[in-house]
Student: 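Please see the structure below; I have some questions.
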Amino acid sequence: AAQAMSGREATIGMAAAVPAMLALTSGLLCAGMLSKEWGGVGPFAAFTWHPVFMTLAFVLCMGLGIRAYSADPRRDVARQRHGLLNGMGLIAAVLGYAFMYQAHAAKG
């Protein structure tokens, strides 16, 4: 027989679903920027990659990293996931900034 979720389990499930839905929506918007058929400028423009990496950083990695810390009751596992996801977010944010800088430097 199926067991009902507790209030805490339902809250954690919903809290994990929100960043995932935001990441999916943001991913589709970024795909639109990368696709000339969808009205974007294409994957070869440096600035195109700025929103892609910033979305990966702040919506996906850091959003899920925050949730990972509170979702797992095993503190050591939660800290490792939290650190890994936020570290990946930091790398993606630096790459996003680098692409923005490169695009502006190319224009002079």
Side-chain angles (χ1 to χ4, degrees):
Q3 294 180 349
M5 282 195 291
S6 71
R8 177 170 165 68
E9 290 170 337
T11 301
I12 290 172
M14 184 57 141
V18 170
M21 288 186 295
L22 285 172
L24 177 63
T25 303
S26 298
L28 290 172
L29 291 171
C30 289
M33 284 204 56
L34 292 170
S35 171
K36 287 187 177 186
E37 291 82 22
W38 290 2
V41 295
F44 300 108
F47 187 77
T48 301
W49 293 100
H50 167 72
V52 171
F53 279 101
M54 290 301 192
T55 297
L56 286 173
F58 294 106
V59 178
L60 185 64
C61 293
M62 291 188 182
L64 291 175
I66 291 167
R67 297 310 324 151
Y69 191 74
S70 61
D72 198 326
R74 300 168 297 176
R75 287 292 115 203
D76 57 334
V77 173
R79 284 188 186 110
Q80 288 175 349
R81 287 184 186 154
H82 173 77
L84 177 67
L85 286 164
N86 280 302
M88 289 169 46
L90 176 64
I91 292 168
V94 169
L95 285 170
Y97 179 79
F99 278 111
M100 180 189 65
Y101 183 83
Q102 180 184 9
H104 285 284
K107 285 191 171 190

Student: Any idea which heavy atoms bring A68 and L85 closest together, and the distance?
Tutor: CB-CD1, 4.0 Å
Student: In the single-linkage hydrophobic clustering (I, L, V, M, F, W, Y; side-chain heavy atoms under 4.5 Å), do L60 and I91 co-cluster?
Tutor: yes
Student: Side chains of L56 and F53: does their closest heavy-atom pair fall under 4.5 Å?
Tutor: yes
Student: For the hydrophobic clusters of this structure (ILVMFWY residues joined by side-chain heavy atoms under 4.5 Å, transitively), does one cluster hold both L95 and F58?
Tutor: no
Student: Which residue in the set Q102, K107, M100 passes side-chain contact (heavy atoms from CB on, under 4.5 Å) when paired with H104?
Tutor: M100
Student: May I have all residue pairs that pass ring-ring contact (aromatic ring centres under 6.0 Å, His included) and include part of residues 70-95, sequence neighbours excluded?
Tutor: Y69-H82
Student: Taking side-chain hydrogen bond (donor to acceptor under 3.5 Å, both in side chains) as the definition, give me every residue that meets it alongside T25, ordered by chain and number, with sequence neighbours left out.
Tutor: none
Student: Hey, does R74 have a side-chain heavy atom less than 4.5 Å from the side chain of R81?
Tutor: yes
Student: What closest approach, in Å, do L34 and V52 show between heavy atoms, and which atom pair accounts for it?
Tutor: CD1-CG2, 4.1 Å
Student: Hey, could you give me the CE/CZ distance between M54 and F99, rounded to the nearest 0.5 Å?
Tutor: 11.5 Å
Student: On a heavy-atom basis, which atom in A93 and which in A57 lie closest, and how many Å separate them?
Tutor: N-CB, 3.5 Å
Student: Residues in ring pair (Phe, Tyr, Trp, His ring centres under 6.0 Å) with F47, at least two apart?
Tutor: H50
Student: Treating Ile, Leu, Val, Met, Phe, Trp and Tyr as nodes and any side-chain heavy-atom pair under 4.5 angstrom as an edge, say whether L64 and V77 lie in one connected cluster.
Tutor: no
